[in-house]
Number of protein chains: 2
Amino acid sequence: MTGKMDQPELSELFARHGLRCTRQRKAVYHALARTCDHPTAGQLHRQLTDRGQSMSLATVYNTLEALCKSGLAQRLSGNGPLTPDSTGNTSGSGSRYDATLGDHVHIRCACTGKLHDVPHGLGQKFLDAIPKRVLEEIEHDLGVKVDHLQIELVAKPAQ
Amino acid sequence: MTGKMDQPELSELFARHGLRCTRQRKAVYHALARTCDHPTAGQLHRQLTDRGQSMSLATVYNTLEALCKSGLAQRLSGNGPLTPDSTGNTSGSGSRYDATLGDHVHIRCACTGKLHDVPHGLGQKFLDAIPKRVLEEIEHDLGVKVDHLQIELVAKPAQ
DNA sequence: TTTGATGCAAAGACTTTGCATGCTT
DNA sequence: AAGCATGCAAAGTCTTTGCATCAAA
């Protein structure tokens, strides 16, 4: 799992991906890799500055873009619901980011727009059920090479 | 198919969904239902005004929200790539909208961020392959009710 | 030392909102 | 006639960019 990531490993990881290792990048990557919810740039920035980390919002954006370009993170579909939630937070808007590599399944709350990982075992069952044959057929018919899947279950709390 | 939608049908459809039938709403819905790519609000607005339809961008947004709330359209995950394409268009940014009801599969170009429907037959094969059992297991374990799936194949043109 | 990252602030894009006016029902 | 939709413009977010400064390699 990517959860436990201490300094030396991180600096190696960055080096392997051609990224300089700075305090800010370590902080952003660490914060991203540690959660299984999928924060927006703004949420990450608040989270980090609340913990005493000083860094500018622009740097969070730049860092996230660097991480995505180098393959250490991915940008997910953004838009949650349009309206601010009861606490006044506009929690749904803005792109969300994810440091988990490889295909996995997300679940989005239809009410709050929050995005989470489906626990690995369950998500894997889902992915395993997809026949490669169908994917190949789609690739062939449309003349494309499928790079990865993005699967989202939109769900409400059970009644 | 929803493609062929003329006036009287549209006014009935709106009425059934509790929406007033105005020139602008007909235009927006018609434009949305007619394509299988998934335009942003801005793209729709440009498309409509280019065809001589006069309407404000705010109305396009308001109309799309009304359509979504009444169940005639859905908002899709927005974010394509961050950078404007070669023609200077920032084609990827902004929410995309879809007038097709029910689950279906999208394909997104990893380069341009453009979103399209996977042709119905192929998409259906994909969806049919998902075992209900796994979905029920997820619902049970997480205590949720899955409303719908959002599946996106991120792909590049075949080499 | 060289090169790339950061911070700040400003610019830009996307989206929502308030209010007067007009149109559907 | 009543009430909702429209248009406009203004305000609010979210995101990117330019440039001077600073830090990693």
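Quick note on labels: first sequence line is chain A, next is B, and so on, each numbered from 1. What you see is a predicted model; the values in this text were computed from it and never measured.
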**Prompt:** Just checking, is any N or O donor in the side chain of B:H106 or B:H116 under 3.5 Å from an acceptor N or O on the other one?
**Reply:**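 No donor-acceptor contact under 3.5 Å links the two side chains.
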**Request:** Would you check if there is a donor-acceptor pair between the side chains of A:R108 and B:Q150 at a distance under 3.5 Å?
**Result:**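 No, A:R108 and B:Q150 have no side-chain donor paired with an acceptor closer than 3.5 Å.
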Does [X] have a side-chain nitrogen or oxygen under 4.0 Å from the phosphate oxygens OP1 or OP2 of [N]?
| X | N | result |
| --- | --- | --- |
| B:Y61 | C:dT16 | no |
| B:S95 | C:dC14 | no |
| B:R25 | D:dT6 | yes |
| A:Q24 | C:dG7 | yes |

**Message:** Closest-nucleotide mapping onto DNA chain D: is B:A58 or B:G18 further toward the 5' terminus? I mean the 5' end.
**Reply:**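 By nearest-heavy-atom nucleotide position, the 5'-most residue is B:G18.
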Just how far, in rounded Å, is [atom2] of [N] from [atom1] of [X]?
| X | N | atom1 | atom2 | value |
| --- | --- | --- | --- | --- |
| B:Y29 | D:dA5 | OH | P | 17 Å |
| B:M55 | D:dG7 | CE | P | 6 Å |
| B:K26 | C:dT24 | NZ | P | 8 Å |
| B:Q53 | D:dG7 | CD | C1' | 15 Å |
| B:R46 | C:dA13 | CZ | P | 11 Å |
| A:K69 | D:dT16 | NZ | P | 11 Å |
| A:L64 | D:dT15 | CG | P | 10 Å |
| B:L57 | D:dA5 | CG | C1' | 16 Å |

For residues 133-142 of chain B, tabulate all N or O donor-acceptor pairs below 3.5 Å that involve a side-chain atom, not counting sequence neighbours.
unit_1, atom_1, unit_2, atom_2, d
B:E137, OE1, A:K125, NZ, 3.1
B:E137, OE2, A:K125, NZ, 2.6
B:E139, OE2, B:V146, N, 2.7

Which heavy atom in [X] sits nearest to a heavy atom in [Y], and how many Å separate them?
| X | Y | answer |
| --- | --- | --- |
| B:A27 | B:L48 | O-CD2, 3.8 Å |
| A:H45 | A:L57 | NE2-N, 3.4 Å |
| B:H104 | B:T100 | CE1-CB, 3.6 Å |
| A:A41 | A:V60 | O-CG1, 3.7 Å |

**Request:** For each nucleotide in nucleotides 19-25 of chain D, reading 5' to 3', give B when a protein heavy atom comes within less than 4.0 Å of its base, S when such contact involves only the sugar-phosphate, and - otherwise.
**Result:** ----BBS
**Request:** Apply side chain to side chain contact (heavy atoms under 4.5 Å, CB included) to the pair A:Y29 and A:L67, showing each step before the final yes or no.
**Result:** CA-CA 8 Å; A:Y29 182 78; A:L67 292 175; 4.1 Å; yes
**Message:** Using five pairs at each end of the helix from C:dT1-D:dA25 to C:dT25-D:dA1 to define an axis, what is the angle between those two axes, to 10°?
**Reply:**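 End-to-end axis angle: 50°.
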**Prompt:** Can you hop from B:L115 to B:V118 via hydrophobic side chains spaced under 4.5 Å?
**Reply:**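 No: no chain of side-chain contacts under 4.5 Å links B:L115 to B:V118.
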